[in-house]
Amino acid sequence: KFNFKNIMNIVKNLPGPLLIFLGALSLSTGGLIVKSFEGATLWQILFWRSLFFSLTVLTFLIISYKKETIKAFYESGLPGFFGGIILSFGFCGYVFAMYNTTVANTNFIISLQILFLAIFGYFFLKEKISALTLFSIVLALSGVLLMVGNSLTPGELSGNLAAFTMPITFAVLIMIVRKFPSVDMVPAQFVAGLSSCLIGYFFSSQILISPHDIFLGFLAGFFQVGFGFIFITIGARTTPSAVVGIIMMSEAIFGPLWAWIFINEQPPFIVLIGGSIVLFAVLLQFLNKFFSKKEAN
C-alpha cells in the first residue's frame, strides 16, 4: 500500500547528506514559485503558503508522534512557542523579499545565517569569535554591500532588508535551542506556519485567489518549505552540522539558477560577484568550525 506513511519510511532510510541536499533543492524553488503567482498579493501568497505548510507539518507531527502530538506541543513549552513566533517573522520576510527583490539577492542574504549565529553566540552565549570568523563577517558584509548598493530603488531596498529577517530569526531560534536544549523544533515550526498564516489573513483584503495561484500556494507550502523542512529535519539527525551547512549552501546557488532558467530573471553581474563573496565567506566559517571540532576531538 503506497501512502504518506510508506513514503515517510522510504525517506527515513535515505542517507542523511542526500536528504539535506533534497531539502536544500526543495527550498531553492521558493523564489521561482513566488515570482510565478499571477494575481495574488504579497499577503495572499503568505496566507496560502503558510496554510499549506502548517497542514504539512501537522501531518508530519501526527505521523511521527501519534497520540503524543499534543504532549509534544506541551513539552516544547514557552521557548518553543516564542521560537515559532520569531520564526514566523522570518517566513513573512522571505515572501516579502522574494516579492520585491531578486531571487539571487534574497538567497545570498539568507546564506548569512551562520555568521549571525557567530555574532549572536558572542553577545548572548559569550562564545568567542576567532580571527577567521571576524574576517568572514567583514568579507560577507562587503559582498552584501556590493549587492544591495546595486539596488537602491525603494521597493528593491525594502526587499533586501526584509531578506535579513530570515538569517536573523533563524539565528535567534538556534540561540533558544542552545539555551533550552530540550526544545523540540517541530512544534515550533507549526507555530511559525500558523502565525504567519494569521498575519497573511489579517493583512489581506480578501483570501480567495485564482485556482492557478492556490496551486502555487500548495506547491510553496507543501513541497518547497514543507518537504524542505522535513528532509532537513530527518537528514540533520545523522549528518554532522558542518556538513549540513555546506550542503545547505546549494540553496543559494540553485535558487537564482531556477529563476534564470524558468522566468529569465538575470541578476546583474555585480550581484553575482557580491553573492560569490558572501558564499566564500560562509564557506570559510563552515571550514573554520569543521576543523576546530576536529582539533577538539
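By convention here, the first residue in the shown sequence is residue 1. Below, each value reflects all heavy atoms present in this structure, side chains not excepted, and no hydrogens, waters or symmetry copies.
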From CA spacing to verdict: side-chain contact (heavy atoms from CB on, under 4.5 Å), Leu14, Leu22: CA-CA 10 Å; Leu14 291 174; Leu22 290 173; 4.3 Å; yes
Set of ring-ring contact (aromatic ring centres under 6.0 Å, His included) partners for Phe73, sequence neighbours left out: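 Listed in chain order: Phe190.
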Phe91: ring-ring contact (aromatic ring centres under 6.0 Å, His included) partners, not counting sequence neighbours: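 Here the qualifying residues are Phe53.
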Heavy-atom check, side chain of [X] versus side chain of [Y], under 4.5 Å:
{"X": "Leu18", "Y": "Pro15", "value": "yes"}
{"X": "Ser158", "Y": "Phe96", "value": "yes"}
{"X": "Leu219", "Y": "Gln224", "value": "no"}
{"X": "Cys92", "Y": "Thr165", "value": "no"}
{"X": "Ser136", "Y": "Leu115", "value": "yes"}
{"X": "Phe60", "Y": "Ile234", "value": "yes"}
{"X": "Gln285", "Y": "Leu132", "value": "no"}
{"X": "Leu19", "Y": "Ile230", "value": "no"}

Could you give the distance from [atom1] ([X]) to [atom2] ([Y]), rounded to the nearest 0.5 Å?
{"X": "Met175", "Y": "Glu127", "atom1": "CE", "atom2": "CD", "answer": "6.0 Å"}
{"X": "Ile232", "Y": "Thr239", "atom1": "CD1", "atom2": "OG1", "answer": "10.5 Å"}
{"X": "Leu46", "Y": "Tyr99", "atom1": "CG", "atom2": "OH", "answer": "12.0 Å"}
{"X": "Thr106", "Y": "Met147", "atom1": "OG1", "atom2": "CE", "answer": "9.0 Å"}
{"X": "Met248", "Y": "Phe21", "atom1": "CE", "atom2": "CZ", "answer": "11.5 Å"}
{"X": "Lys71", "Y": "Asp184", "atom1": "NZ", "atom2": "CG", "answer": "12.0 Å"}

Has [X] got a side-chain atom pairing as donor or acceptor with [Y]'s backbone, closer than 3.5 angstrom?
{"X": "Glu251", "Y": "Ala24", "answer": "no"}
{"X": "Gln189", "Y": "Val186", "answer": "no"}
{"X": "Asp213", "Y": "Gly39", "answer": "yes"}
{"X": "Ser111", "Y": "Phe108", "answer": "yes"}
{"X": "Thr133", "Y": "Ile129", "answer": "no"}
{"X": "Glu265", "Y": "Thr102", "answer": "no"}
{"X": "Lys35", "Y": "Ile263", "answer": "no"}

Taking atom [atom1] of [X] as the centre, report whether more than 12 heavy atoms of other residues, nucleotides or ligands fall under 6.0 Å from it.
{"X": "Phe164", "atom1": "CZ", "result": "yes"}
{"X": "Ile70", "atom1": "CD1", "result": "no"}
{"X": "Tyr65", "atom1": "OH", "result": "yes"}

Check the angle between the aromatic planes of [X] and [Y] and answer parallel, tilted or perpendicular using the 30° and 60° thresholds.
{"X": "Phe47", "Y": "Tyr201", "result": "tilted"}
{"X": "Phe124", "Y": "Phe120", "result": "perpendicular"}
{"X": "Phe262", "Y": "Trp258", "result": "tilted"}

Would a single hydrophobic cluster contain both [Y] and [X], if residues Ile, Leu, Val, Met, Phe, Trp and Tyr are joined by side-chain heavy-atom contacts under 4.5 Å?
{"X": "Leu257", "Y": "Leu272", "answer": "no"}
{"X": "Leu141", "Y": "Phe123", "answer": "yes"}
{"X": "Leu279", "Y": "Val138", "answer": "no"}
{"X": "Tyr74", "Y": "Ile85", "answer": "no"}
{"X": "Phe215", "Y": "Ile45", "answer": "yes"}

Indicate the atoms forming the closest heavy-atom contact of [X] with [Y], along with that distance.
{"X": "Leu139", "Y": "Ile277", "result": "O-CG2, 3.2 Å"}
{"X": "Pro256", "Y": "Ala104", "result": "CG-CA, 3.6 Å"}
{"X": "Val183", "Y": "Pro79", "result": "CG2-CB, 3.5 Å"}
{"X": "Gln113", "Y": "Ala171", "result": "O-CB, 4.4 Å"}
{"X": "Thr56", "Y": "Gly221", "result": "OG1-O, 4.0 Å"}
{"X": "Leu32", "Y": "Ser36", "result": "O-OG, 2.6 Å"}

Distance-only polar pair, side chains of Ser196 and Ser50, donor-acceptor under 3.5 Å: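 A donor-acceptor contact under 3.5 Å links the two side chains.
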Distance-only donor-acceptor check, side chains Asn160 and Thr101, under 3.5 Å: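 Their side chains do contain a donor-acceptor pair, which is all the 3.5 Å distance test asks for.
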Stepwise side-chain contact (heavy atoms from CB on, under 4.5 Å) test for Trp48 and Leu51: CA-CA 5 Å; Trp48 288 101; Leu51 176 67; 3.9 Å; yes
Derivation and outcome, side-chain contact (heavy atoms from CB on, under 4.5 Å), residues Ile246 and Leu283: CA-CA 7 Å; Ile246 290 168; Leu283 184 61; 4.2 Å; yes
Ring centre gap for Phe52 and Phe222 strictly below 6.0 Å: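 Between Phe52 and Phe222, the centre distance exceeds or equals 6.0 Å.
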Identified side-chain contact (heavy atoms from CB on, under 4.5 Å) partner of Asn107 from the options Ile109, Asn105, Val103: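 Running side-chain contact (heavy atoms from CB on, under 4.5 Å) over Ile109, Asn105, Val103 with Asn107 returns exactly one hit, Val103.
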Evaluation steps, side-chain contact (heavy atoms from CB on, under 4.5 Å), between Thr169 and Leu173: CA-CA 6 Å; Thr169 53; Leu173 187 67; over 6 Å; no
